[in-house]
Amino acid sequence: MKIKSTLSSHEKPIINIEVNAHYNPKSILNEENINLQKENIEEIKSHILATDGMVLIDTQMYFTKPQTEVFEINDECIVMDFISCNNIETQIDQLENEKYLKQNTHNIFYTTKYKGTFKIPAFEKVNYLTIIFSKEFYFNVINEDWKLHEKFSKNILIQKSSYLTSKYLPFTSSIQWVISEIKNCNRKGALKKMYIETKIKELLIHQLESVVSKPKPEEKIDNEEYNKLLEAKQILDNDYRNTPTLPELSRKISLNEFKLKKGFKACFGTTVKSYIIKLRMEHAKELFQSKSATVSEVAYKCGYKDVSHFSAAFKSYYGFSPQKFKINTDSIQLWLIGLSFLW
């Protein structure tokens, strides 16, 4: 399976890799970092993880002049696609796609031979995470006759290019969390391969769950209202420490409170209040895992002025106190440090 990405401003491909299409659980995980910069003209960063049957590409790009990227895969493949940018005009051979990429959206698609053309405007930050599987690798991750996945699996088996769902869906906080864990993984060797493969499976579960929890037909929302709800979600994602009240959020997106509450629940499967709590609790978990922070510090960084309110919310969300979680996390980190010396 050969994967190549070329830019109109570069003679040589910026990404040019080849992996064995067969699934091999004993294959090693190779890592590559691409960093191309021209002062005040362009910046291209790409982090690539590759093993037999699977390639993960995390890319950020920025240009001062319009560019065209052509991304190609020479064999049939399944792609988990996570988009974190806007305004990129897109054309994908064999697939009927939306004309422009939407920020913080995701989908899965299968194609017998992939070629995507992306027109990137000047001064637009490009950011995407793409996970590419061979068919053999993918069917070792998920059973092809799984009910949630049946139609898509049949399309793969008859070699019919298709999306898992007709439209790209908004990120859930769970998807954002796992993407962050993948991007910030510092493990090495066999431990890293085990960790990344586990997180990919977790991402796939969240993608399938988001398909299942799409709005029911009677809850269909028009595009204008849907974009306003996405805007509301983005406002909360950007600053969940100092979130606006429901009336303030309603005014910010020019949508009445009733439609905001009902539409948010229909689109994202949770209420505005519950979503804010989820964002704060996941950030708290991240802070406890990544650094030696006190409960009071974490409470403040998550938007709580009262530590007792934070502790109650944390225990309600996770089932145990932040103090107990911190003790367990510190113990696990010490165990992993000790384990790393044995490899």
Side-chain angles (χ1 to χ4, degrees), residues 46-47 49 54-61 69 71 73 77-92 95-111 114 116 118 124-133 137-138 141-142 146 148-149 151-153 155-156 161-185 196-215 221 223 226-227 229-234 236-238 264 266-270 275 278-279 282:
S46 195
H47 182 217
L49 300 173
M54 188 279 292
V55 177
L56 183 152
I57 303 173
D58 176 24
T59 297
Q60 296 85 41
M61 297 187 287
E69 181 189 16
F71 197 102
I73 306 168
C77 58
I78 294 91
V79 178
M80 294 168 64
D81 205 18
F82 303 90
I83 307 299
S84 299
C85 52
N86 274 318
N87 304 321
I88 312 298
E89 188 176 340
T90 306
Q91 174 59 51
I92 299 175
L95 290 166
E96 292 184 10
N97 59 284
E98 298 174 59
K99 187 174 181 180
Y100 289 94
L101 298 179
K102 288 184 180 178
Q103 188 174 19
N104 293 338
T105 58
H106 68 96
N107 207 340
I108 305 175
F109 60 83
Y110 162 78
T111 181
Y114 179 82
F118 306 91
E124 186 72 42
K125 290 183 179 179
V126 177
N127 189 347
Y128 63 82
L129 176 72
T130 299
I131 304 170
I132 304 160
F133 303 104
F137 190 103
Y138 188 70
V141 173
I142 183 170
W146 191 12
L148 287 174
H149 191 252
K151 183 179 178 182
F152 184 63
S153 295
N155 285 337
I156 296 172
S161 297
S162 64
Y163 285 103
L164 177 64
T165 181
S166 59
K167 285 191 174 184
Y168 274 61
L169 300 174
F171 285 176
T172 62
S173 58
S174 299
I175 286 174
Q176 288 176 311
W177 173 260
V178 179
I179 288 174
S180 174
E181 288 184 312
I182 289 172
K183 286 174 179 278
N184 294 301
C185 175
I196 293 297
E197 288 184 354
T198 300
K199 290 299 165 184
I200 287 172
K201 289 179 182 178
E202 193 175 338
L203 261 183
L204 181 58
I205 289 168
H206 292 313
Q207 284 194 284
L208 291 172
E209 282 179 339
S210 65
V211 172
V212 173
S213 62
K214 282 194 303 182
I221 295 165
N223 283 336
Y226 179 70
N227 288 332
L229 292 165
L230 279 179
E231 184 185 350
K233 181 175 178 293
Q234 192 64 49
L236 301 180
D237 289 337
N238 290 342
F264 198 95
C267 284
F268 310 122
T270 186
Y275 186 66
K278 186 172 186 177
L279 291 173
E282 289 178 347

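Position 1 is the first residue of the sequence, and the numbers go up from there. Just so you know, these numbers come straight off a predicted model, no measurement behind them.
- Rounding to the nearest 0.5 Å places NZ of Lys151 at 13.0 Å from CD1 of Ile156.
- Between Leu204 and Tyr138, the shortest heavy-atom distance links the atoms CD1-OH, 4.0 Å.
- Looking at residues two or more places apart in sequence or on another chain, you find a salt bridge (charged side-chain N to carboxylate O under 4.0 Å, His left out) between Lys183 and Asp58.
- With rounding to the nearest 0.5 angstrom, the CD1 atom of Ile182 is 6.0 Å from the CD1 atom of Ile200.
- Using modelled atom types, no side-chain atom of Asn127 and backbone atom of Cys85 make a donor-acceptor pair closer than 3.5 Å.
- Looking at Asp237 and Tyr275, their side chains do bring a donor and an acceptor atom within 3.5 Å of each other.
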Note to self: Under the criterion side chain to side chain contact (heavy atoms under 4.5 Å, CB included), I'd like the reasoning laid out for Val126 against Phe118: C-alpha separation, chi angles, the key distance, then a yes or no.
What the structure shows: CA-CA 11 Å; Val126 177; Phe118 306 91; over 6 Å; no
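- The shortest non-hydrogen separation linking Leu236 to Leu279 is O-CD1, 3.6 Å.
- With a 4.5 Å cut-off on side-chain heavy atoms, Leu129 and Ser84 do not count as touching.
- Distance CZ/Phe171 to NE2/His206: 12.5 Å, rounded to 0.5 Å.
- Taken to the nearest 0.5 Å, the CD1 atom of Ile83 stands 11.0 Å off from the NE2 atom of His106.
- Not a single salt bridge (charged side-chain N to carboxylate O under 4.0 Å, His left out) links Glu282 to another residue, sequence neighbours left out.
- Taken from NZ in Lys201 to CD1 in Ile196, the straight-line distance is 13.0 Å, to the nearest 0.5 Å.
- Between Met80 and Phe133 there is a side-chain heavy-atom pair separated by less than 4.5 Å.
- Side chains of Glu231 and Asn227: a donor-acceptor N/O pair is absent below 3.5 angstrom, by distance only.
- Taking the side chain as every heavy atom from C-beta outward, Pro170 and Asn104 never approach each other to under 4.5 Å.
- Residues Asn107 and Thr165 approach most closely at ND2-O, 2.9 Å, considering heavy atoms.
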Item checked: side chain to side chain contact (heavy atoms under 4.5 Å, CB included) between Phe152 and Leu208, worked out -> CA-CA 11 Å; Phe152 184 63; Leu208 291 172; over 6 Å; no
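- Note that OG1 of Thr172 is 9.0 Å distant from CD of Gln207, once rounded to the nearest 0.5 Å.
- A search for side-chain hydrogen bond (donor to acceptor under 3.5 Å, both in side chains) contacts involving Gln91 returns nothing, not counting sequence neighbours.
- When Ile73, Ile78, Leu56, Asp81 are each tested for a side-chain contact (heavy atoms from CB on, under 4.5 Å) with Ile132, only one passes: Ile73.
- The two residues Phe82 and Ile131 come nearest to each other via the heavy atoms CE1-CD1, 4.2 Å.
- Pairing each heavy atom of Asn87 with each of Tyr100, the nearest pair is C-CD2, 3.9 Å.
- Of the possible donor and acceptor atoms, none in the side chain of Thr130 sits under 3.5 Å from a partner among the backbone N and O of Tyr128.
- Lys125 NZ: 12 or fewer foreign heavy atoms inside a 6.0 Å radius.
- The two residues Tyr110 and Asn155 make their nearest non-hydrogen contact at CE2-O, 4.0 Å.
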